[in-house]
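Everything below concerns the one structure shown next.
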Amino acid sequence: MTGDRPAAFVPVAPGETRLLARAARSDAAERARERRLVRELQRGSTEALEELFRHEWPRAYRAAYLVVHDAAAAEDIAQEAFLAAVRAIDRFDRRRPFGPWMHRIVVNRAIDLTRARALRREVDAAAADSAEAPPDPPAAPFSGDVLAALRELTPEHRAVVALRFLFDYTPGEIARALDMPRGTVNSRLRRALDRLGDVLEADA
Amino acid sequence: VSTATEERLRSRLREQSLPAEGEAAARSWPVVEAALAERGPALRPRRVVLRLALVAALLCVGLVAALTPAGAEVGHWIEDRFADRGEQAGPAFAGLPAGGSVLTISRSGAYAIDADGGAQWLGAFAEAGWSPHGLHVVGANGRRLVAVDATGIVKWTLARQHRVRDPSWSTGLGYAVAYLERRTLRVVAGTGDPSTDRAVRRGAAAVTPEWMPGSDQVLTYATARGAIEMLDVASGRALWRAPSAGSGRPVALAWSRNGRRLVALSSRSVTVLDASGHVLRTIALPAAGRELALHPSGRRAAVVVGGAADVGGGAGSTRVLDVPLRGASGPRQLFQGGVDGLAWSRDGRRLLLGWRDADEWLLLGPGGRVRRALHGVSGELGAAGGFPSVAGWCCPR
């Protein structure tokens, strides 16, 4: 997942060209650093793993949390993604960026878990043979209107929002990561922004 | 929605403090570090020529690198390029080992994937299975059962009233095909002659029926009540019935190649039966069984457990277990992640599994170590195809 970041297509004033060029150099340096760390990790370097962990763990945990809204589950998902990365690192293609590979694993895991929990709630409700309304979701662990509003969306919508606004992926990249049509990504983004926009405007 | 709103959302999502973030990282780091230690020594590149070329290149670059820091960067760049070409140059599927074709199912249908990376579309099938020698494939497409040759040319079609599923070609001379229509187990001749199509049992579970190896007549299937029955499809006579194999209902059946053992995966166990239906062994599973791939030796099985069917714990992901069917050792975890389909190579040296989360197919060696990763497999079958799940690995043609 590389390439057409939206900023690259924004017309810029002549004075801003230098800033963009510096940003591009910074991206290239980041990619070179990441490739070096993966190369060293493939050779078994704990230091390289630690550096990758320090850099990627907060992002992985945050992305998982935004989708599942549960700290324990987000921890499980982020940890599992790292374990999978370590176990598959021998054959990781270093020409590919490591971060997006991991983000894809994290977000897909988070969607699966949220779906599974929904399924379990249905099964439990059926087993109890109860006509009562399903229990309320657990209360948000902190007061953030945006995050509370985000929780009202489906996990697929939350995943699209996380990939777009946490990692700055383009709709095309999100479509590939989540295995869904690009039009669906766009419509989910639009719907999510409509829902979250009110909260953000009120918050401004 | 204004750009300012998007920017506000971006900053809120990135800056909002999250509960237990630091503690979670502190708890996870030792686990991740231990996984690296357990991994053992790094794998060497597979190709001798590549290795020699790489060493020669590095020696040259090393001289430059010894003199300048910029030289070191160039060396790493060269190493990355050469090392990775050994992994995957060209189509993702070209990384498959030789010796057979992989049957895969995606949203756009079934494909046969050859070791040279070529993908042959076979039909818009939701489920499919090989004929005994891999010359044909039978697929389920809505209310139609369709047989095609290896190039996707339709050989026959059988239309039914209701949706059909779980087709299974007989393993002798290919004279029969079993399938399910709702809860009815049906059999049709391998020529697709509609006059031969008949119901052989009602009350079957949604589990692919399995023919006894080398037979066009003896079939095993799971009943809706959780029993396993072997029947003679010519006479309709039950040869034996195992009332309840293991704990829970069967979800998959597989015969050993020599026809001496039948392995049943149920929701909580793997059960080994002999050809007379006697239970020889039951192995408990730590989570709900979902998929089964019996090793060609018949001595072990790879089993997918967990996932949406078993949401009791963990991150809800599936795990692949290596389950020895003999001896005292118990199941051992080979892989954890969102797995979609698995199959053994014909020689039993590689286990192929679809890792949906990463859009990769992985080839695991003995011990579960990743020996090869085929990246970006979805893109190989067109944008609309979605992830191709592994449905079988068949004979060289």
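FYI, side chains are in, hydrogens and waters are out, and symmetry mates aren't considered; it's all heavy atoms of this structure. In the text below, chain A, chain B and the rest are named by the order of the sequence lines, each starting its count at 1.
In this structure, the side-chain contact (heavy atoms from CB on, under 4.5 Å) partners of E51(A), at least two apart in sequence or on a different chain, are R33(A), R36(A), L37(A).
The most heavy-atom pairs under 4.5 Å with chain A, out of S11(B), G368(B), A34(B), A25(B), come from A25(B). Per-residue counts of heavy-atom pairs under 4.5 Å with chain B were compared for R62(A), E50(A), R54(A); the largest is that of R62(A).
Ion pair D179(A)/R356(B) flagged as a salt bridge, since at least one NZ, NE, NH1 or NH2 atom sits closer than 4.0 Å to an Asp/Glu carboxylate oxygen. Between R191(A) and D194(A), none of the side-chain N atoms (NZ, or NE/NH1/NH2) sits under 4.0 Å from a carboxylate O, so this pair counts as no salt bridge. Checked for salt-bridge contact, E75(A) and R27(B) meet the test: a charged N lies under 4.0 Å from a carboxylate O.
Heavy-atom distances place the side chain of L66(A), and not its backbone, under 4.5 Å from chain B. Proximity to chain B (any heavy atom under 4.5 Å) is restricted, for L150(A), to the side chain, taken from C-beta onward. With a 4.5 angstrom heavy-atom cutoff, E7(B) does not touch chain A via any of its atoms. Both the backbone and the side chain of W29(B) come within contact range of chain A, with heavy atoms under 4.5 Å apart. Proximity to chain B is limited to the side chain of L196(A), based on heavy atoms less than 4.5 angstrom apart.
Contact record, L163(A) with V107(A): CD2-CG2, 3.8 Å, taken as the closest heavy-atom pair. When all heavy atoms are compared, the tightest approach of A81(A) to I105(A) is CB-CG2, 4.0 Å.
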